[in-house]
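The structure appears right after this line, and notes come after that.
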Amino acid sequence: MSDPSSSAPEVRAAARAARSALERVTNRRGRVGVLGSLNADLTVTTRTLPGPGETVVGDPLVVRPGGKSANQAVACALAGADTLMVGAVGDDAHGEMLRESLTRAGVDISGVRSAQVATGTAVITVDHRGENTIVVSAGANGTLGADDVHDAADALRAVSVLGLCLEVSDPALLAAQRLVNSAGGTTVLNVSPLREVSAELVADAQVLIVNEHELAAVVGSDPGREPADIAAALDGHGIGRAVVTLGAQGSVAVEAGLVVSVPAFPVQAIDTTGAGDAFMGTLMAAIAAEVPLGEGAALASAFAAVAVTRRGAQASYPGQPELQEFLA
Ligand code: ATP
């Protein structure tokens, strides 16, 4: 957004809301905990994706830090929040890369333990049009259970916001959600990647973050993109606080009966990998600073807009100075 004066009025209003949210995140410190997955993203670009039984030649392998929860923790810390990561990695080079990436962003990794299996891995192929295939091997993420929540209980009780997504098992997610809910914190659930999930986990999350496909799965039908229809669908399922992300169409935030439509910032997107995680991490930083959901979504929209202009997930996320410059 190099020239805000040339932007649409709703984009200028979102930039104002985002600046105000960023100021509050900077000045008010509630701790955010993120419990979940850490993956090494192994990416090969090819001219065409291979079909079954087919071999194709690819460009050099690129290894980057990823995993939905680790991405969210990095975004949250870079947006300015005091952030704790709870998860597991293998005792290997990928685990070391992930620890380093989190630490560089300022995330407290005292809750990341070593497992006796390999670090979680996402094997990604991308063709020249940006179409991709992804195979995730859970590795150490698959060892995360209710025991880990027990071990990290004191640290988790102290967070004001807890972020969860579906790349680790339900027992771990449920244990963490119950603990933080009963300690008075705010639990935020990203219903992604979409899979069968415990109804309790969805019902007891205080804030839901979903894209349009995840929303359709949660409410049982596709309400489309009209903010009023999205709000009605959420209300019909007793969901009072949620943000629905709509890719380059922006997002819709619903809180206390208020429906706020937040635009995406106009940028030249080159890689949207991890855009949803960038959004969720930043939104949690805003929630921890008690910023209203609509304003928090504006800040998250700005953060994700910068991220999509670069390759990778964590590697594409901006720090506060760059975010301030983007919004200036
Ligand atoms: P993913 O699973 O690919 O990480 P997602 O489906 O969870 O993504 P999206 O709705 O695609 O999430 O994107 C999240 C937010 O990122 C959007 O609400 C928007 O604010 C921002 N965003 C995504 N794509 C673009 C884009 N092309 N230009 C600007 N902002 C974007």
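Residue indices begin at 1 and follow the sequence shown.
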Mind checking whether [X] and [Y] have side chains closer than 4.5 Å, heavy atoms only?
{"X": "Val267", "Y": "Val308", "answer": "yes"}
{"X": "Val306", "Y": "Tyr317", "answer": "no"}
{"X": "Leu144", "Y": "Ser169", "answer": "no"}
{"X": "Arg31", "Y": "Asp108", "answer": "yes"}
{"X": "Ile287", "Y": "Val188", "answer": "yes"}
{"X": "Leu49", "Y": "Glu131", "answer": "yes"}
{"X": "Leu162", "Y": "Leu156", "answer": "yes"}
{"X": "Asp170", "Y": "Arg195", "answer": "yes"}

Measure across [X] and [Y] and return the closest heavy-atom pair with its distance rounded to 0.1 Å.
{"X": "Ser251", "Y": "Phe279", "value": "OG-CZ, 3.6 Å"}
{"X": "Arg24", "Y": "Pro292", "value": "NH1-CD, 3.9 Å"}
{"X": "Leu98", "Y": "Gly66", "value": "CD2-O, 3.5 Å"}

Could you give the distance from [atom1] ([X]) to [atom2] ([Y]), rounded to the nearest 0.5 Å?
{"X": "Arg178", "Y": "Thr187", "atom1": "CZ", "atom2": "OG1", "value": "12.0 Å"}
{"X": "Asn71", "Y": "Ser37", "atom1": "CG", "atom2": "OG", "value": "7.5 Å"}
{"X": "Thr83", "Y": "Leu102", "atom1": "OG1", "atom2": "CG", "value": "10.0 Å"}
{"X": "Ile239", "Y": "Leu215", "atom1": "CD1", "atom2": "CG", "value": "7.5 Å"}
{"X": "Asn190", "Y": "Met284", "atom1": "CG", "atom2": "CE", "value": "8.5 Å"}
{"X": "Leu189", "Y": "Leu166", "atom1": "CG", "atom2": "CG", "value": "5.5 Å"}

Checklist entry - Where do Leu299 and Leu283 land on the side chain to side chain contact (heavy atoms under 4.5 Å, CB included) test, with the steps shown first? => result CA-CA 7 Å; Leu299 180 60; Leu283 187 64; over 6 Å; no
Next on the checklist: Applying side-chain hydrogen bond (donor to acceptor under 3.5 Å, both in side chains) to Arg241 and Thr186, what does each step give before you reach the verdict?
Outcome noted: CA-CA 11 Å; Arg241 234 176 140 192; Thr186 301; 4.6 Å; no
[X] and [Y]: side-chain donor and acceptor closer than 3.5 Å?
{"X": "Gln320", "Y": "Thr26", "result": "yes"}
{"X": "Asn141", "Y": "Asn39", "result": "yes"}
{"X": "Asp204", "Y": "Gln177", "result": "no"}
{"X": "Thr133", "Y": "Thr125", "result": "yes"}
{"X": "Ser114", "Y": "Arg99", "result": "yes"}

Next on the checklist: Using side-chain hydrogen bond (donor to acceptor under 3.5 Å, both in side chains), reason through Asn211 and Thr245 one step at a time and then give a plain yes or no.
Outcome noted: CA-CA 5 Å; Asn211 66 20; Thr245 65; 5.5 Å; no
Item to check | Sole residue of Asp147, Asp91, Asp148 in salt bridge (Lys or Arg N to Asp or Glu O under 4.0 Å) with Arg113 | outcome: Asp148
Would one find more than 12 heavy atoms of other residues, nucleotides or ligands at under 6.0 Å from atom [atom1] of [X]?
{"X": "Glu23", "atom1": "CD", "result": "no"}
{"X": "Gln116", "atom1": "CD", "result": "no"}
{"X": "Arg225", "atom1": "CZ", "result": "yes"}

Indicate if [X] and [Y] have the same hydrophobic cluster label, given that clusters are the connected sets of ILVMFWY residues with side-chain heavy-atom separations under 4.5 angstrom.
{"X": "Val191", "Y": "Leu174", "answer": "yes"}
{"X": "Leu208", "Y": "Ile230", "answer": "yes"}
{"X": "Leu293", "Y": "Leu246", "answer": "no"}
{"X": "Val34", "Y": "Val180", "answer": "no"}

Next on the checklist: Applying side chain to side chain contact (heavy atoms under 4.5 Å, CB included) to Leu35 and Leu164, what does each step give before you reach the verdict?
Outcome noted: CA-CA 6 Å; Leu35 178 136; Leu164 303 170; 3.9 Å; yes
Checklist entry - Would you find a donor on one side and an acceptor on the other, under 3.5 Å apart, between the side chain of His237 and the backbone of Val219? => result yes
Checklist entry - Looking only at atom types and distance, does a side-chain atom of Asp92 sit under 3.5 Å from a main-chain N or O of Thr119, one as donor and one as acceptor? => result yes
Next on the checklist: Apply ring pair (Phe, Tyr, Trp, His ring centres under 6.0 Å) to residues Phe303 and Phe326 and explain how you reach the verdict.
Outcome noted: CA-CA 9 Å; Phe303 190 101; Phe326 178 76; over 10 Å; no
Item to check | Test log, rule side-chain hydrogen bond (donor to acceptor under 3.5 Å, both in side chains), inputs Asp271 and Thr273 | outcome: CA-CA 6 Å; Asp271 180 6; Thr273 310; 2.5 Å; yes
Item to check | Trace of the salt bridge (charged side-chain N to carboxylate O under 4.0 Å, His left out) decision for Glu167 with Lys68 | outcome: CA-CA 7 Å; Glu167 275 187 333; Lys68 292 190 67 63; over 6 Å; no
Item to check | Full working for side chain to side chain contact (heavy atoms under 4.5 Å, CB included) between Asp59 and Thr46 | outcome: CA-CA 6 Å; Asp59 291 344; Thr46 67; over 6 Å; no
Checklist entry - Taking it one step at a time, do Thr309 and Gln268 satisfy side-chain hydrogen bond (donor to acceptor under 3.5 Å, both in side chains)? => result CA-CA 6 Å; Thr309 64; Gln268 192 73 45; over 6 Å; no
Checklist entry - Should Arg64 and Glu100 count as an ion pair when the cut-off is N to O under 4.0 Å? => result no
